Amino acid sequence: MPAQPIPADELRAAVDPVRAWLAGEAGPPPRPVLGAAVKTSARWLAQQVPGRSVELRVPPHVAVQLVPGPRHTRGTPPNVVETDAATWLRLAAGELAWEDAVADGRVHASGSRADLGQYLPLPPLRRAS
């Protein structure tokens with residue numbers, strides 16, 4: 001049975017409690033709060049860009065497969081994106097550009113399909129201008 005879709009309101013509710021920490025205005029959130037923000041945002045993106053050609057890893061919180069293309073079934077996938085929780089959430093919220101995160105080594109992206117820049121930031125997390 002497929003997972004229930006994550007509504008945009010649920011995504012915002014999971015990420016909003018960590019925004020002050022991401023902005024440097026508060027200390028780190030409790031691990032369950034951080035984990036919920038990371039898991040919900042990664043799974044939301046996987047819903048929007050379904051597929052199995054890229055694996056997004058944000059250890060120790062989540063690993064999801066996404067992006068249409070050749071399906072990966074065994075061993076290390078050929079297209080992997082890996083980063084830490086704070087970097088992932090800044091990317092998801094539009095507080096960090098994909099190109100900058102890759103260039104300065106905060107995101108490790110390998111494989112021809114491992115560029116998630118076109119999918120970030122997640123539209124429900126963009127701040128209203």
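Model, not experiment: these values are computed from the prediction.
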I want to check something: taking the side chain as every heavy atom from C-beta on, are [X] and [Y] in contact at a cut-off of under 4.5 Å?
| X | Y | result |
| --- | --- | --- |
| V64 | L45 | no |
| P68 | V49 | yes |
| L91 | L122 | no |
| P124 | W44 | yes |

Applying the 4.5 Å side-chain criterion to the ILVMFWY set and letting contacts propagate, would L120 and V80 be lumped into a single cluster?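 No, because L120 and V80 fall into different hydrophobic clusters, even though each may have its own neighbours under 4.5 Å.
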Heavy-atom pair with the smallest gap, counting every atom of A86 and L22: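 Taking every non-hydrogen atom into account, O-CD2, 3.7 Å.
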Which residues share a side chain to side chain donor-acceptor pair (under 3.5 Å) with [X], sequence neighbours left out:
| X | result |
| --- | --- |
| R19 | D16 |
| D84 | T87 |
| W98 | D115 |
| R12 | D9 |

Can you list everything that forms a side-chain contact (heavy atoms from CB on, under 4.5 Å) with [X]? Sequence neighbours excluded, please.
| X | value |
| --- | --- |
| P50 | none |
| A13 | none |
| P59 | R57, E82 |
| A20 | E25, A26 |

Solution key, residues 104-112 side-chain donor-acceptor pairs under 3.5 Å, sequence neighbours excluded:
{"unit_1": "D104", "atom_1": "OD1", "unit_2": "R106", "atom_2": "N", "d": "3.3"}
{"unit_1": "D104", "atom_1": "OD1", "unit_2": "R106", "atom_2": "NE", "d": "3.1"}
{"unit_1": "D104", "atom_1": "OD2", "unit_2": "R106", "atom_2": "NE", "d": "3.0"}
{"unit_1": "D104", "atom_1": "OD2", "unit_2": "R106", "atom_2": "NH2", "d": "2.9"}
{"unit_1": "H108", "atom_1": "NE2", "unit_2": "G105", "atom_2": "O", "d": "3.4"}

Name each donor-acceptor pair under 3.5 Å that joins a side chain in residues 29-43 to protein atoms two or more places apart or in another chain, with its distance.
{"unit_1": "T40", "atom_1": "OG1", "unit_2": "A36", "atom_2": "O", "d": "2.7"}
{"unit_1": "S41", "atom_1": "OG", "unit_2": "A37", "atom_2": "O", "d": "2.7"}
{"unit_1": "S41", "atom_1": "OG", "unit_2": "V38", "atom_2": "O", "d": "3.1"}
{"unit_1": "S41", "atom_1": "OG", "unit_2": "W88", "atom_2": "NE1", "d": "2.7"}

How long is the gap from CD on Q48 to CD1 on I6, to the nearest 0.5 Å?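 So the gap between those two atoms works out to 9.0 Å.
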Would you compute the distance between atom CD of Q65 and atom CZ of R52 and round it to the nearest 0.5 angstrom?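 CZ of R52 is found 5.0 Å from CD of Q65.
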